Amino acid sequence: MRLSRAFLPVLKESPADAQIVSHKLMLRAGLVRQTAAGIYAWLPLGLRVLRKIERIVREEQDRAGAIEMLMPTLQSADLWRESGRYDAYGPEMLRITDRHKREMLYGPTNEEMLTALFRDDVKSYRDLPRTLYHIQWKFRDEVRPRFGVMRGREFLMKDAYSFDLDEAGARLSYYTQLLAYLRTFQRLGIRAVPMKAASGPIGGDLSHEFIVLAPTGESEVFYDAAFEDFDWNRADLDYSDEAGLHGLFDQVSGTYAATDETHDESRWAQVPVNRQRTGRGIEVGHIFYFGDKYSAAMGLKVSGRDGSPVTPMMGSYGVGVSRLVGAIIEASHDDAGIVWPEAVAPWRVGIVTMRQDDQASADVADDLYARLTAAGVETLYDDRDERGGVKLGSMDLIGLPWQIVIGPRGLAQGVVELKDRRSGEKMELSAESALARLTA
RNA sequence: CGGGGAGUGGCGCAGCCUGGUAGCGCAUCUGCUUUGGGAGCAGAGGGUCGCAGGUUCGAAUCCUGUCUCCCCGACCA
């Protein structure tokens, strides 16, 4: 992308409405614009990041055997009356009446809808287990939206739902998603620690929140540093390996991690002091098992092996995709701006010409841009006729992992500058070497 | 939902108390000079002062109502 043709508005000052760093940076770097309280338009840069996250989430869901579909944002109130949640949900649910006076709602989640869909078409134990998911916009009419996209009213969420014949099967589905989540967050380049959540409606040990560590997090967290060393992508862990999945769950359960809500001082005291980590965190995912809560209420039954009706046991698994954009920035930024992990960066490389009016600089930049792009390296080329300092400032703000700075001074020596945004490390090397490094 | 605050050009703000028809910085546009970390000078464009009523010769300013946004708390992916 040539910046001279992009829609990438960058602000020098933060709008007064933004309080926390990710919100300020998202506005300044041109990721989003607020259009109403807790509702945002995603500008091109923000959308690229959102899509990157979405793709990783999708790939890991697919790898874990979940099946993608897409359910609508609008739902009928009758569906929610079946589960009893239409009245229970309260004012957080955005209720809408259509022209025929039918009561509708903008979905805050999809348990009812998928349970109904499943009920209508699945009749046999042979069709279980299944885990289905979609990535869709949701709406929760928060009384007080804040923190930009991290606590918006409209948000993009991946939500998966598992259906199993019995609790043992449901546990395995849960473990599978647990692993998928650990892998997803690892790939996103952030540290998200699974924490046992306050027991949900069913209770038991099957509910975890995934918390990204960031100083501005909403809740206080305590965890064993061992979590920092686990490699969830290790080769010996496979979704088809039941014993391995049980082992994974035991490993996660056996390593201390809790939010202030579930913190247990006596168990905490057993964590070696040198491994005790405390901080603040942002919830970016939540998984839980809820048994037959919806299947029973909504009459979902399949024929069991012996012909008798069986009520499937369910779980649901959410990832706050749009919230992750903010959470990642909270966890990864510096005074100059955003520092994107490579996996989610809107572009991998940014090319800056210090003097676009210098023909030699422009030629080298044009050539590098063309060759990087041809090699499949996503590149943003700041070819604007702006002062070098302005362009470098924008590039730092936008936070692409690599910057190539090209100017007459360096070219006189036959070099360009390659800068690592995260470390700030700069090296001077030939344009060819820079290209080789970035396409290696 | 309780408590607090704010709506003035794209962004950040002043003006309001003490009514007299709108100003500053940044950004934008033009010209000249500049050019390796957010340039300088000169000039220009851009605002029904959230909206609706009221008071007044006259309202950004005073009064009433209303909408919106933000902060603290309770609540939440």
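Everything numeric here is computed off the predicted structure, so don't read it as measured data. All values below come from the heavy atoms of this structure, side chains included, with hydrogens, waters and symmetry mates left out. Lettering of chains follows the sequences in order, A, B, ..., and the numbering in each one begins at 1.
Here A:P91 lies out of heavy-atom contact (under 4.0 Å) with every strand. At the heavy-atom level, A:S322 lies nowhere under 4.0 Å from the strands shown. A:Q34 comes within contact range of the sugar-phosphate backbone alone, with a heavy-atom separation under 4.0 Å but no base atom that close. Among the protein residues, A:D159 comes within range of no part of the nucleic acid, since none of its heavy atoms lies under 4.0 Å from any strand. Across all strands shown, A:G407 has heavy atoms under 4.0 Å from base atoms, whether or not it also approaches the sugar-phosphate. No engagement by A:K158 is indicated, since no non-hydrogen atom pair under 4.0 Å with the nucleic acid exists. Across all strands, A:G152 comes closer than 4.0 Å to base atoms (heavy-atom distances). Contacts of A:L392 with the nucleic acid, taken as non-hydrogen atoms under 4.0 Å apart, include base atoms. At the heavy-atom level, A:R33 lies nowhere under 4.0 Å from the strands shown. Among the heavy atoms of the strands lying under 4.0 Å from A:V405 is at least one base atom, whether or not backbone atoms are also near. Residue A:A36 is in sugar-phosphate contact alone, with no base atom involved, counting any heavy-atom pair closer than 4.0 Å across all strands shown.
A:R387 has a side-chain polar atom (N or O) that falls below the 4.0 Å cut-off from OP1 or OP2 of B:A39. For the pair A:K12 and B:C26, the criterion of a side-chain N or O lying under 4.0 Å from OP1 or OP2 is not met. For the OP1/OP2 pair of B:C76 and a distance below 4.0 Å, the side-chain nitrogens and oxygens of A:R140 include no atom meeting the criterion. Not one side-chain nitrogen or oxygen of A:R355 sits closer than 4.0 Å to the OP1 or OP2 atom of B:G36.
Listed nucleotides: B:C76, B:G37, B:A77. Nearest to the side chain of A:K419: B:G37. Relative to the side chain of A:P15, the nucleotides B:C75, B:C11, B:G37 differ in distance, and B:C11 lies closest. Nearest nucleotide to the side chain of A:S394, out of B:G38, B:A74, B:A77: B:G38. Closest approach to the A:M354 side chain among B:G36, B:C75, B:G12 is made by B:G36 (side chain taken as heavy atoms from C-beta onward). Picking from B:G37, B:A77, B:C71 the nucleotide with the shortest atom distance to the side chain of A:R146 gives B:C71. Minimum atom distance to the side chain of A:R409 is reached by B:G36, of the listed B:C13, B:A77, B:G36. Checked against B:G36, B:C76, B:G37, the side chain of A:P408 finds its nearest nucleotide in B:G36. Listed nucleotides: B:C76, B:G37, B:C70. Nearest to the side chain of A:K426: B:G37. Distances from the side chain of A:V390 to the nucleotides B:C76, B:A39, B:G37 place B:A39 closest.
Rounded to an integer number of Å, the gap from CD of A:E386 to P of B:A39 is 9 Å. A straight line from CZ of A:R28 to P of B:G12 spans 13 Å, rounded to a whole angstrom. The distance between atom CD1 of A:I53 and atom P of B:A77, rounded to the nearest whole Å, is 19 Å. One can place CZ of A:R144 at 11 Å from C1' of B:G3, the figure rounded to the nearest angstrom. Spacing between atom CE of A:M150 and atom P of B:C76 amounts to 17 Å, rounded to whole angstrom units. With rounding to whole Å, A:E330 atom CD is found 18 Å from B:A77 atom P. A straight line from CD of A:E218 to P of B:C75 spans 12 Å, rounded to a whole angstrom. Rounded to an integer number of Å, the gap from A:M195 CE to B:A77 P is 16 Å.
Taking the six-membered ring for Trp and the full ring otherwise, the centers of A:Y256 and A:F222 sit at least 6.0 Å from each other. Proximity of the aromatic rings of A:H286 and A:F210 is defined here by a centroid distance below 6.0 angstrom, and this criterion is not met.
Separating the P atom of B:C51 from that of B:G5 is a span of 22 Å, rounded to the nearest Å. If you take atom C1' in B:C13 and the same atom in B:G7, they sit 13 Å apart, rounded to whole Å. For the P atoms, the distance from B:G54 to B:U28 is 43 Å, rounded to whole Å. Nucleotides B:U18 and B:U61 place their P atoms 14 Å apart, quoted to the nearest Å. Between the C1' atoms of B:G47 and B:U21, the separation comes to 13 Å (whole Å). Annotation: B:U35 and B:A6 have their P atoms spaced 47 Å apart (nearest Å). Nucleotides B:G73 and B:C16, compared at atom P, are 33 Å apart to the nearest Å. Atom name C1', nucleotides B:U8 and B:C69: the rounded distance is 15 Å, in whole Å.
In this structure, B:U21 makes no Watson-Crick or G-U wobble pair, since no nucleotide meets both defining distances under 3.5 angstrom. Judged by Watson-Crick or G-U wobble contacts below 3.5 Å, the nucleotide B:U35 has no partner. Using the Watson-Crick or G-U wobble rule with both distances under 3.5 Å, B:A42 pairs with B:U30. Remark: B:C75 base-pairs with no nucleotide; criterion is Watson-Crick or G-U wobble with both hydrogen-bond distances under 3.5 Å. Base pairing of B:G9: no nucleotide in any strand meets the Watson-Crick or G-U wobble criterion (both distances under 3.5 Å). Base pairing of B:G53 is made with B:C63, judged by Watson-Crick or G-U wobble geometry with both donor-acceptor distances under 3.5 Å. Look at B:U48: it lacks any Watson-Crick or wobble partner with both distances under 3.5 angstrom.
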(request) Evaluate the side-chain hydrogen bond (donor to acceptor under 3.5 Å, both in side chains) criterion for residues A:E103 and A:T97: first the C-alpha distance (whole Å), next the side-chain angles of each, then the deciding distance (0.1 Å), finally the verdict. (result) CA-CA 5 Å; A:E103 294 173 88; A:T97 306; over 6 Å; no

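Nearer to the 5' terminus of RNA chain B, by closest-nucleotide assignment, is the contact made by A:E13 (compared with the other of A:E13 and A:E142). Mapped onto RNA chain B by nearest heavy atom, A:E261 and A:I406 fall at different nucleotides, with A:I406 at the one closer to the 5' end.
Here the closest heavy-atom approach between residue A:R183 and residue A:L237 is recorded as NH2-O, 2.7 Å. Contact detail for A:L438 and A:I404: the closest heavy-atom pair is CD1-CD1, 3.5 Å. Taking all atoms of both residues into account, the shortest heavy-atom contact from A:G326 to A:V149 is N-CG2, 3.9 Å.
Ion pairing between a basic and an acidic side chain is recognised when a charged N comes within 4.0 Å of a carboxylate O; A:E228 and A:R277 show such pairing.
Cation-pi check for A:R81 over A:Y86 is met; the charged atom lies under 6.0 angstrom from the ring centroid and within 45 degrees of its normal. Judged by the 6.0 Å distance and 45° axis criteria, A:R171 is positioned over the aromatic ring of A:F249.
Judged by distance alone, with hydrogens and angles left aside, A:S14 brings no side-chain donor or acceptor close enough to the base of B:G12 to form a pair under 3.5 Å.
In this structure the side chain of A:V416 never reaches within 4.5 angstrom of the side chain of A:E428, judged on heavy atoms.
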